[in-house]
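For reference, the structure discussed in these notes is given below.
Values reported hereafter were calculated over all heavy atoms of this structure, with side chains retained and with hydrogens, waters and symmetry mates removed. Per chain, numbering begins at 1; letters A, B, ... match sequence-line order.
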Amino acid sequence: MIAEVAEVTVRDAVPEDAVNGVLPRWVALPETVEEIAAVLRACAERDLAVVPAGGGTKLHWGPPPERCDVLLDLCCVNEILEHAAGDLVVRAQAGVTMDALAGTLAAKGQELALDVPFPQDATVGGTLATALPGPRSFRYGTARDLLIGITVVLPDGTIARSGGKVVKNVAGYDLGKLFTGSYGTLGVIAEATFRLHPLPAARRWVVTELDRAEAAPVAAALATSQAEPSAVEVDWPDPGGPVTLAALVEGAAAEARAGALRELAGGSVTEERPPWWGLIEHDEVLAEARFLPAGAGASSTRWPRPGWPCAARWPPAGCCWRRGATWPRTSWPPPSRGCANERGCTCWPPRTTGSTGGGR
Amino acid sequence: MMDTLVAALRSVLPADSVITDPVRLRTYECDGLTYHRATPGVVVLPGTAEQVAQVVRLCNEHGVPFVARGSGTGLSGGALPREDGVLIVTSKMRAVLEIDLANRRAVVEPGVTNLAITEAVRDQGYYYAPDPSSQQVCSIGGNVAENSGGAHCLKYGFTVNHVEACEIVTPDGDLVTLDRMDPGYDLLGAFIGSEGTLGIATKITVRLSRAPEAVTTVLAAFESIEQGGQAVSAIIGAGIVPAAIEMMDALAIEAAEAAVACSYPEGAGAVLIVELDGPAAEVELQFARLRQICANAFELRVAADAAERAAIWKGRKSAFAAVGRISPAYIVQDGVVPRTSLPAVLAAIDRLSAEHGIRVANVFHAGDGNLHPLVLFDDEEPGAGERAEVVSGAILDLCVEHGGSITGEHGVGVDKARYMPKMFSADDLDTMQLVRCAFDPRGLANPGKVFPTPRLCGEVPGVRKGVHPLVESGKAEQF
Ligand SMILES: Cc1cc2nc3c(=O)[nH]c(=O)nc-3n(C[C@H](O)[C@H](O)[C@H](O)COP(=O)(O)OP(=O)(O)OC[C@H]3O[C@@H](n4cnc5c(N)ncnc54)[C@H](O)[C@@H]3O)c2cc1C
């Protein structure tokens, strides 16, 4: 058993490894799906609590983990396994950063149409686990809509797959849906396959400043326009001040379509992204509220049922699962610095999570 | 058991909503896949979500399995009833409850047909995007259960991308709502496509889409299927995502011609239907590019109006039924391959066809690699049915070998449960079973569908030791 885990790089945790103030004892740095499974199996057998981590950009969200013995750092599981450009599909490991992925895809004129915050550090796995929507989800959907296949490792080390590498596929349950937004609580996302889109030929923003009363009807008119914007965003920093509305048009004939939107909203057409567009600056998010575009509506019963503890405190702080005893210190392999991977990992020195919003 | 259950059902439902008359029960003995048949123990036609919940609770009290049924158009035997169970039919739940154009949503009951949603909002310039060919009759509840697609899902996605919330009756009889906006696990996403095994949808909130400003429909005729395939690759390579790209081969064209006189260009080895939609300015540019790409088509027709568009689609939409004109019997297969594998897979299907002396007509959603081979045979000819089965199964093997799927839209149901282990490992299936057990620990919701072996929920998946007890005792087979 130990021989099996001995193949995996493990080091002692240092203060920078703390997850929301909770210091793990060890940091495991697996490099393959099988190594993730080996670590999880070993931890399960020893009743160690594991917190999986990607780029650490959102690891501090929510309350601190109830326990964290091992930080499972996925940054070394970072290979783009297959970009089938003709099929508009990519398969990548969990530790690939969103920027690295975008670079590879752009070389063939394609993109994964998810505009997540902190793409430099945010990873494929963390993007799925937190499932944050970006502005363009209005047109392309969120992570769960673009995910077509997933490989996960369950807490007991079982490696399971669902979906596949074709967009159209209704065989079996879609485990990928359950793992998007799961914040590491169901197991570890190891690999993911996404459907891609061609990079838009052109982009234009229509930006307009309105007073409060005008904003809602104009936003609605933009959103339902047959010029088909990809996103309609609102920036309203001062409750007493005006509202800035921006709509993004992408693809062929972007200029003409943006012109049609300006007819509806006024303002100007620009090739430049508004500085506030899709940004979460320095973690200054206090809360995320979700409501219907027209502001109304609440459904009657909710699942999880009212009164379930987790509903009140989601996300559950990257706490993967908890168990009882701890692993005797001596049975870990000797600590080393960083992994043997040559793909340019960031596993050493340790990243600092939290407060800066951009990871390290 | 059944008698006491029927009495209990009569106490909670109106008299005409509980069917036990053997003649009437037979109406429900199969879905669109007619060679699997079973007479249901009892059929109920609840009128409200609360009634569905009461029926499910009674099934729990009596330990009796239940199967949901919408319009019964499913093609994988998903709504095949149980002789020892209750069939819950949603045909009395047909109300469109709410249309909220400001939020682009509609709330409907599960028995509402797919097309009825579009019809309710068409005049205001909206529609419901997923459009299965069966849309005039199939129910939205059935669409949710199968995660149905349609010709236009290449650009617009499937049912799961257009459903915002579902009220469901869980397998233990609770009425809950799964909403896309809920934080946490995407239970709605997991429920959609679960083929009635995780509960019954009783109210569905769908997203409405704005009708596109322009639609251009093109029919391109090629000498060979290879040329047609190259055009498909070139369209995708040019960064165009058409609303639909459909292809038919010579045999499928022959059948459509015989059935509906669609007058596709004579002598075509393949026809391609490409539909572009969106803002007029964008469609115009894309159409110019499409014309260049299809330069080697020997005929290119562009629909000038809605009537001509319908004429182009007529041959394609009639294709399944049309093969009845050129063959006494046939199997409709549904498999998926990566688009770039289409040429290799089509060539392999040709070889299979020649080897077994069984004709195969190919109709497919070429844009997303979803094949619908129609395997033709003469049921009067001894052995022909078996050979057709072999060819049909071998086509699914080809799909899996090429990294595709055993079903793109018709579902697993009873028909393809035995193929699941070809696509998924034992660990994959066990993990799916954990989900099943979390929703339906007693295994009462549509048992026997989707998964190959009945695993009992008490058993811990993952630790498989030796032969499954049910296999050993002869009660189950493992494929
Ligand atoms: C000619 C023809 C063309 C077709 N074309 C397409 C196509 O283009 N694309 C496509 O995807 N499919 C197609 N289909 C297949 C079929 O129409 C779809 O699968 C459809 O969604 C089934 O709907 P239904 O109401 O008939 O469901 P049924 O056949 O009654 O049931 C299907 C499954 O759904 C379950 N179910 C039904 N209602 C509920 C509910 N309220 N809650 C939970 N589970 C429920 C049943 O238990 C069963 O497992 C076609 C079928 C035919 C006959």
(request) Measure the CG-CG distance between A/Leu147 and A/Leu128 for me, rounded to the nearest 0.5 Å. (result) 5.5 Å

(message) Would you compute the distance between atom CG of A/Asp145 and atom NZ of A/Lys177 and round it to the nearest 0.5 angstrom?
(response) 6.5 Å

Any non-hydrogen side-chain atom of [X] less than 4.5 Å from a side-chain atom of [Y]?
X: A/Thr151; Y: A/Ile159; value: yes
X: B/Lys155; Y: B/Asp277; value: yes
X: B/Phe439; Y: B/Leu187; value: yes
X: B/Leu198; Y: A/Tyr173; value: yes
X: B/Asp368; Y: A/Val166; value: no
X: A/Val218; Y: A/Leu264; value: no

Segment of [X] engaging chain B (4.5 angstrom heavy-atom cut-off):
X: A/Arg161; result: both
X: A/Thr142; result: both
X: A/Leu178; result: both
X: A/Ala220; result: neither

Please look at [X] and chain A and tell me whether the side chain, the backbone, both or neither of the residue comes under 4.5 angstrom of a heavy atom of that chain.
X: B/Thr407; answer: both
X: B/Val337; answer: backbone
X: B/Phe191; answer: neither
X: B/Val160; answer: both
X: B/Thr197; answer: both
X: B/Met420; answer: side chain
X: B/Leu154; answer: backbone
X: B/Arg210; answer: side chain

May I ask you to name which of [options] has the most heavy-atom pairs under 4.5 Å with chain A?
options: B/His410, B/Glu195, B/Met423; result: B/Met423
options: B/Arg104, B/Lys416, B/Gln286, B/Arg289; result: B/Arg104
options: B/Asn147, B/Asn370, B/Leu188, B/Ile240; result: B/Asn370

Does a donor on one side chain and an acceptor on the other come within less than 3.5 Å for [X] and [Y]?
X: B/Thr431; Y: B/Asp428; value: no
X: B/Thr170; Y: B/Asp172; value: yes
X: A/Asp156; Y: A/Thr158; value: yes
X: A/Tyr140; Y: A/Glu250; value: yes

(message) Could you go through B/Asp334 and B/Leu75, starting from their C-alpha distance and side-chain angles, then the distance that decides it, and tell me whether this counts as side chain to side chain contact (heavy atoms under 4.5 Å, CB included)?
(response) CA-CA 9 Å; B/Asp334 167 41; B/Leu75 291 172; over 6 Å; no

(request) For chain B, find its close neighbours in residues 197-206 of chain A: heavy-atom separation under 4.5 Å, sorted by number, or none. (result) A/Pro198

Top of [options] for chain B proximity - count of heavy-atom pairs under 4.5 angstrom:
options: A/Ala253, A/Ala254, A/Gly176; result: A/Ala253
options: A/Ala171, A/Gly86, A/Gly163; result: A/Ala171
options: A/Val152, A/Thr224, A/Leu88; result: A/Thr224

(request) Before accepting this row, confirm whether a basic side-chain N of the pair B/Glu213/A/Arg257 lies closer than 4.0 Å to the acidic partner's carboxylate O. (result) no

(message) A/Lys165 and side chain to side chain contact (heavy atoms under 4.5 Å, CB included): which single residue from A/Arg91, A/Arg195, A/Glu82 fits?
(response) A/Glu82

